[in-house]
There are 2 protein chains.
Amino acid sequence: METQDIRNAGLKVTLPRIKILEMLEEQSDQDRHLSAEDVYKRLIQQGEEIGLATVYRVLTQFEAAGLVKRHHFEGGNSIFEFNRGEHHDHIVCVKCGRVEEFSDEVIESRQKEIAKNLDFSLTDHSLCLYGICAHCRTAATQP
Amino acid sequence: METQDIRNAGLKVTLPRIKILEMLEEQSDQDRHLSAEDVYKRLIQQGEEIGLATVYRVLTQFEAAGLVKRHHFEGGNSIFEFNRGEHHDHIVCVKCGRVEEFSDEVIESRQKEIAKNLDFSLTDHSLCLYGICAHCRTAATQP
DNA sequence: TTGGCTGCAAAGATTTTGCAAATGG
DNA sequence: CCATTTGCAAAATCTTTGCAGCCAA
């Protein structure tokens with residue numbers, strides 16, 4: 001139950017927080033990466049009366065609590081994703097915006113090596129590949 | 001001469017463009033990664049009368065021409081860097097903002113492999129490590 | 001000369017904050 | 001109850017755009 005997650009974060013269990021956390025947990029693999037605006041629009045569509053400012057505040061609090069991860073893909077704005085614990089990186093289609101996840105042990109260990117060599121104690125990293133997905137390549141060839 | 005770079009980009013050779021390109025080329029290894037605001041403030045300090053809007057326009061044009069690279073490190077705003085051609089990634093100190101560059105063949109080839117497996121044709125990537133640099137760790141221990 | 005370029009101010013986009021009313025524990 | 005939380009509107013950031021005058025070619 002997401003109720004417990006919210007409580008564990010030291011936050012009161014309120015309707016906006018439950019709805020937002022539910023939404024982030026339930027998104028299918030194909031669009032689990034939402035901007036604050038995305039979350040807000042979906043809440044409105046669901047008939048919830050939750051303000052955009054609240055969405056920003058809640059997402060920021062969830063981020064601080066480690067419940068969600070914030071990404072800065074190309075485009076300036078923040079993209080949020082429920083934190084399922086298992087680390088992964090992203091590949092984004094620059095045509096359609098499709099996001100896929102991957103994780104690679106070789107890359108992970110090289111990163112640690114590099115940080116050690118440069119004498120940094122690594123706290124985090126972000127790796128994002130950009131490309132054109134198979135579907136968009138096909139669409140381009142046969143319009 | 002940066003004059004030729006500007007001409008090759010199909011742009012007129014103007015004072016703002018020359019000054020901005022000079023600045024980006026001359027920054028030492030230690031702070032070669034500047035926001036539009038950084039560039040603007042330094043121009044003012046140098047006594048140049050160049051508007052912030054022009055800085056944004058010129059940087060965007062330079063980016064389109066491949067003369068500079070735009071990064072989205074943590075913090076929302078864009079960071080610009082002169083494009084010396086040789087690809088590299090970054091490691092940023094989360095305490096002092098120090099930026100260092102590195103490049104790693106193992107990571108590069110793994111990325112290509114991953115994109116191939118997911119059936120994306122890779123166009124770009126961004127990898128940024130975050131950590132605490134040796135200097136900041138020392139400073140924290142002995143305040 | 002003339003089309004591109006610039007500075008300024010104003011508009012946009014995204015995110016944060018102040019505040020009174022609502023609400024969870 | 002009462003500290004937190006919320007919604008709204010206003011402010012703060014960062015970036016882009018419209019326009020009249022300026023300038024490189």
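In the text below, chain A, chain B and the rest are named by the order of the sequence lines, each starting its count at 1.
The nucleotide range of DNA chain D contacted by chain B, defined by atoms under 4.0 angstrom from heavy atoms of the protein and reported 5' to 3', is D/dC14 to D/dA25.
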Can you pull every protein N or O that's under 3.5 Å from an N or O on nucleotides 21-25 of chain C?
from   : atom 1 : to      : atom 2 : distance (Å)
C/dG24 : N2     : A/Lys12 : NZ     : 3.3
C/dG24 : N3     : A/Lys12 : NZ     : 3.4
C/dG25 : OP1    : A/Val13 : N      : 3.4

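Residues B/Ile20 and B/Phe62 form a side-chain contact, since some pair of their non-hydrogen atoms from C-beta on lies under 4.5 Å apart.
The distance from atom CG of A/Asp89 to atom NE2 of A/His125, rounded to the nearest 0.5 Å, is 4.0 Å. Rounding to the nearest 0.5 Å places OG of B/Ser103 at 8.5 Å from NE2 of B/His88.
For the pair B/Glu81 and B/Arg32, the salt-bridge criterion is met [side-chain N within less than 4.0 Å of a carboxylate O]. A salt bridge links B/Asp31 with B/Arg42; the closest basic N to acidic carboxylate O contact falls under 4.0 Å.
Comparing A/Ser35 and A/Arg57, the nucleotide of DNA chain C nearest to each residue sits closer to the 5' end for A/Ser35. Both A/Glu37 and A/Thr54 lie close to DNA chain C; mapped to their nearest nucleotides by heavy-atom distance, the more 5′-ward contact belongs to A/Glu37.
For an aromatic pair to be called close, the ring centres must be under 6.0 Å apart, and A/Phe73 with A/His90 satisfies this.
When the local axes at the two ends of the helix from C/dT1-D/dA25 to C/dG25-D/dC1 are compared, using 5 base pairs at each end, they differ in direction by 30° after rounding to 10°.
Not one side-chain nitrogen or oxygen of A/Tyr56 sits closer than 4.0 Å to the OP1 or OP2 atom of C/dT16.
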